[in-house]
Amino acid sequence: MAEERTQQGKPADGTESHDPDFPEAFLAFMRQGWRDTELPVGPRPEVPNHAKRRAALAAAFPGETLVIPTGNEKVRANDTDHRFRPGSDFAYLTGDLEPDSVLVLRPNGDATLFMRPRSSRKTDEFFRSRHGELWVGRRPTLKEKSTELGLPTADLTELDAALAELAPGRTRVLRGFDARVDAAVRPYDGARADGQPGRDRELAIAISELKLVKDEWEIAQLQEACDATVRGFEDVARALPADRAVSERLLEGIFALRARHDGNEVGYGSIVGAGEHATILHWVHNHGVTRPGELLLMDMGVENRNLYTADVTRVLPVDGRFTPLQRQVYDAVYAAQQAGIEMCKPGVAFRDVHLASMRVLAEALKDLGLLPVSVDEAMDPTSTVYRRWTLHGTSHMLGIDVHDCANARKEMYRDGPLGEGYVLTVEPGLYFQPEDELVPEELRGIGVRIEDDILVTADGPVNLSAGLPRRSDEVETWLAEQREAGPRLPG
């Protein structure tokens with residue numbers, strides 16, 4: 001019989017093809033003389049928050065069982081894996097950050113977390129398996145994890161039997177995260193294996209819509225991520241020389257150091273665009289260099305240790321001062337962002353935030369002599385020619401994903417109103433491509449985006465990333481202050 005293998009082609013017991021055949025004398029010696037320990041764990045303070053979310057989700061599907069996997073480690077190359085990042089919806093409902101785990105939420109609201117427990121000393125896993133604690137560190141026991149998360153736990157080896165007992169017509173699965181789970185619970189309504197469309201799709205939608213409103217704990221997590229992001233931008237500014245070139249990757253790495261030290265890691269691939277690279281909306285190659293006299297656009301965010309991320313963009317004049325033309329473009333984008341932020345109130349249509357920013361940009365493009373029609377004509381949905389210089393939308397939801405709530409229905413998100421407790425970005429931009437012959441030569445290669453993370457409250461918008469200046473004169477002053485303070489290590 002061929003050896004059992006996981007969905008990524010590796011032996012299920014966690015061994016590797018290059019592992020040696022150990023002699024029995026060594027194996028016997030390794031099995032003895034180990035002291036047992038217990039982790040000093042207690043319930044996390046956010047346990048009630050996760051319990052409320054699970055209860056709300058169960059109430060949306062009465063009488064049904066819901067299966068939510070976190071996903072597995074992904075191969076980077078041969079026998080090395082990418083650093084594991086839990087599935088966002090799973091983490092939102094449990095707070096668990098370990099790979100392979102699966103949440104099963106029963107019709108009565110009871111939940112069980114199936115997980116890979118601590119390596120037992122009754123087998124050789126603890127020193128022979130790629131999952132063993134001598135290789136990857138101490139995992140919690142079932143009891144320790146249950147205490148920490150306030151959830152009943154079960155050994156992952158019991159999952160197949162538990163899934164086999166589920167009634168197909170009364171079970172929904174969050175698909176696309178764990179091939180083992182997808183195969184064990186086939187779609188009931190003829191949907192594709194990823195659950196699109198069908199009953200499983202409705203589960204993904206429900207979780208996304210629960211995530212639209214952030215509770216107090218989540219807001220605190222986002223504030224923590226924004227504060228760390230502010231420190232990361234300060235680190236970069238302190239290392240950015242005014243009079244010579246440095247690589248975009250150096251600046252990316254400086255921010256990544258802060259993200260890894262103060263949080264989990266970066267929330268998304270950092271965009272560090274010097275000069276004309278700032279006009280490329282998702283520039284992540286970061287292999288260019290800064291040049292005095294040009295602008296530097298940086299779109300970066302720290303993901304905190306509970307996986308909530310900031311998403312902030314700033315544009316700096318490398319030599320410390322904006323040229324008159326750079327300032328004109330920058331101030332136009334600032335005015336557009338301010339108009340969008342002021343719209344972030346409960347009951348305001350999500351799309352109206354975008355339109356408020358876009359009208360200001362259209363007016364600025366008219367002032368620059370670029371619009372071939374009037375501002376009103378450009379803003380007409382049958383035209384939108386202004387978007388040649390600003391392709392993207394102004395906002396997206398933010399939370400445990402940088403693009404949070406992505407599965408929510410249009411009427412609840414893109415075509416719906418803002419609600420109290422929503423957190424969204426406001427990030428207008430103007431981008432004049434180097435090859436654009438419809439703009440004057442002096443504008444070509446200039447890209448400006450300003451982005452902040454905005455909490456919607458009954459008392460008005462709250463800028464969670466306000467620790468970084470936005471006005472052009474304040475940016476110049478801040479940059480000079482950071483340079484005067486000098487480089488620092490996170491601490």
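Predicted, not measured: the structure shown is a model, and the values here were computed from it.
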S.K.: Counting only heavy atoms from other residues, nucleotides and ligands, does the tally under 6.0 Å from NE2 of H287 exceed 12?
M.R.: yes
S.K.: Nearest heavy-atom pair of S101 and D96: which atoms, and what distance?
M.R.: OG-OD2, 3.0 Å
S.K.: Start with the C-alpha distance between L105 and L93, add both sets of side-chain angles, then the distance that settles side chain to side chain contact (heavy atoms under 4.5 Å, CB included), and finish with yes or no.
M.R.: CA-CA 10 Å; L105 194 56; L93 293 166; over 6 Å; no
S.K.: For T94 and F90, indicate whether the former's side chain and the latter's backbone hold a donor-acceptor pair under 3.5 Å.
M.R.: yes
S.K.: In chain order, what residues pass the side-chain hydrogen bond (donor to acceptor under 3.5 Å, both in side chains) check against R139, with sequence neighbours excluded?
M.R.: none
S.K.: Heavy-atom distance under 4.5 Å between the side chains of Y422 and V213, does that happen here?
M.R.: yes
S.K.: Please determine whether salt bridge (charged side-chain N to carboxylate O under 4.0 Å, His left out) holds for the pair D182 and R175, giving the CA-CA distance in whole Å, both sets of side-chain angles, and the decisive distance to 0.1 Å.
M.R.: CA-CA 6 Å; D182 289 350; R175 297 191 181 272; 3.8 Å; yes
S.K.: The criterion is side chain to side chain contact (heavy atoms under 4.5 Å, CB included); which residues satisfy it with T279, sequence neighbours excluded?
M.R.: Y431, Q433, P434
S.K.: Give the C-alpha distance, both sets of side-chain angles, the deciding distance and a yes or no for side-chain hydrogen bond (donor to acceptor under 3.5 Å, both in side chains) between H131 and D100.
M.R.: CA-CA 11 Å; H131 306 302; D100 303 321; 5.0 Å; no
S.K.: Is a donor on one side and an acceptor on the other found under 3.5 Å between the side chain of E252 and the backbone of V284?
M.R.: no
S.K.: If I compare all heavy atoms of A278 with all of G447, which pair ends up nearest, and what's the gap?
M.R.: CB-O, 3.6 Å
S.K.: Going by distance alone, is a donor N or O of one side chain under 3.5 Å from an acceptor N or O of the other, for D452 and S465?
M.R.: yes
S.K.: What do the steps show when you test L39 against R118 for side chain to side chain contact (heavy atoms under 4.5 Å, CB included), and what is the final call?
M.R.: CA-CA 11 Å; L39 297 178; R118 183 186 184 188; over 6 Å; no
S.K.: Show, in sequence, the C-alpha distance, side-chain angles and deciding distance for Y308 and E218, and conclude whether the side-chain hydrogen bond (donor to acceptor under 3.5 Å, both in side chains) test is met.
M.R.: CA-CA 8 Å; Y308 286 79; E218 290 183 287; 2.7 Å; yes
S.K.: Answer yes or no: is there a side-chain heavy-atom contact under 4.5 Å between E224 and R305?
M.R.: no
S.K.: Should the ring pair W389 and F432 be called parallel, tilted or perpendicular, given that the plane angle runs from 0 to 90° and is split at 30 and 60?
M.R.: tilted
S.K.: Would you call R85-E303 a salt bridge at under 4.0 Å N-O?
M.R.: yes
S.K.: List the steps, then state whether side chain to side chain contact (heavy atoms under 4.5 Å, CB included) holds for I207 with N407.
M.R.: CA-CA 8 Å; I207 298 173; N407 288 312; over 6 Å; no
S.K.: Can you tell if the side chain of S208 reaches within under 4.5 Å of the side chain of M397, non-hydrogen atoms only?
M.R.: no
S.K.: Using a strict 4.0 Å threshold on nitrogen-to-oxygen distance, state whether D178 and R180 make a salt bridge.
M.R.: no
S.K.: Okay, side chain of N286, backbone of V272: is any donor-acceptor separation there less than 3.5 Å?
M.R.: yes
S.K.: With rounding to the nearest 0.5 angstrom, report the CG to OG1 distance, D311 to T425.
M.R.: 6.0 Å
S.K.: Go through the steps to decide whether H285 and E248 satisfy the test side-chain hydrogen bond (donor to acceptor under 3.5 Å, both in side chains), and finish with yes or no.
M.R.: CA-CA 9 Å; H285 300 295; E248 294 169 347; over 6 Å; no
S.K.: Checking R44 side chain against G95 main chain: does a donor-acceptor pair fall under 3.5 Å?
M.R.: yes
S.K.: Would you check if R258 and M300 make a side-chain contact, meaning some heavy-atom pair closer than 4.5 Å?
M.R.: no
S.K.: Look at atom CG of L489 and say whether more than 12 heavy atoms of other residues, nucleotides or ligands are closer to it than 6.0 Å.
M.R.: no
S.K.: Taking the side chain as C-beta and beyond, is there a heavy-atom pair between W478 and L468 under 4.5 Å?
M.R.: yes
S.K.: For F322, check ring-ring contact (aromatic ring centres under 6.0 Å, His included) against everything at least two apart and list the hits.
M.R.: Y330
S.K.: For the backbone of L430 and the side chain of T390, can you confirm whether one donor and one acceptor N or O come within less than 3.5 Å of each other?
M.R.: no
S.K.: Which distance, rounded to the nearest 0.5 Å, do you find between the CG of L424 and the OG1 of T394?
M.R.: 10.0 Å
S.K.: Please enumerate all residues that pass ring-ring contact (aromatic ring centres under 6.0 Å, His included) together with H354, with sequence neighbours excluded.
M.R.: none
S.K.: Determine yes or no for a side-chain-to-main-chain donor-acceptor pair under 3.5 angstrom, with E474 supplying the side chain and P469 the backbone.
M.R.: no
S.K.: With sequence neighbours left out, which residue pairs that include part of residues 353-362 fulfil the salt bridge (Lys or Arg N to Asp or Glu O under 4.0 Å) condition?
M.R.: R359-D376
S.K.: Using ring-ring contact (aromatic ring centres under 6.0 Å, His included) as the criterion, list what pairs up with Y413, not counting sequence neighbours.
M.R.: F350
S.K.: Give a yes or no answer on whether the side chain of R260 reaches the backbone of N264 with a donor-acceptor pair at less than 3.5 Å.
M.R.: yes
S.K.: When you measure from the side chain of K145 to the backbone N and O of K143, does any donor-acceptor pair fall under 3.5 Å?
M.R.: no
S.K.: List the atom of R449, the atom of V315, and the distance in Å for their closest heavy-atom pair.
M.R.: O-CG2, 3.4 Å
S.K.: On a heavy-atom basis, which atom in G320 and which in E476 lie closest, and how many Å separate them?
M.R.: O-CG, 3.4 Å
S.K.: What closest approach, in Å, do K214 and K211 show between heavy atoms, and which atom pair accounts for it?
M.R.: NZ-O, 2.7 Å
S.K.: Once rounded to the nearest 0.5 Å, what's the spacing between atom CD of Q328 and atom OG1 of T323?
M.R.: 9.5 Å
S.K.: Give, for atom CG of D299 and atom CD of E451, the distance between the pair rounded to the nearest 0.5 Å.
M.R.: 5.0 Å
S.K.: For a 4.5 angstrom cut-off between non-hydrogen side-chain atoms, does W135 reach R130?
M.R.: no
S.K.: When rounded to the nearest 0.5 angstrom, what is the spacing between CG in L418 and OG1 in T457?
M.R.: 11.5 Å
S.K.: Could you check whether any side-chain heavy atom of V102 comes within less than 4.5 Å of a side-chain heavy atom of P69, counting everything from C-beta outward?
M.R.: yes
S.K.: Looking only at atom types and distance, does a side-chain atom of R138 sit under 3.5 Å from a main-chain N or O of T37, one as donor and one as acceptor?
M.R.: yes
S.K.: Where the side chain of Q337 meets the backbone of V426, is there a donor-acceptor pair that is under 3.5 Å apart?
M.R.: yes
S.K.: Taking it one step at a time, do R116 and E98 satisfy side chain to side chain contact (heavy atoms under 4.5 Å, CB included)?
M.R.: CA-CA 9 Å; R116 189 185 302 279; E98 298 300 321; over 6 Å; no
S.K.: Nearest 0.5 Å, please: how far is CD1 in I68 from CG in L203?
M.R.: 5.5 Å
S.K.: Please name the pair of heavy atoms, one in A310 and one in T229, separated by the smallest distance, quoted to 0.1 Å.
M.R.: CB-OG1, 3.2 Å
S.K.: State, with a plain yes or no, whether a side-chain heavy atom of D215 is found less than 4.5 Å away from one of R53.
M.R.: yes
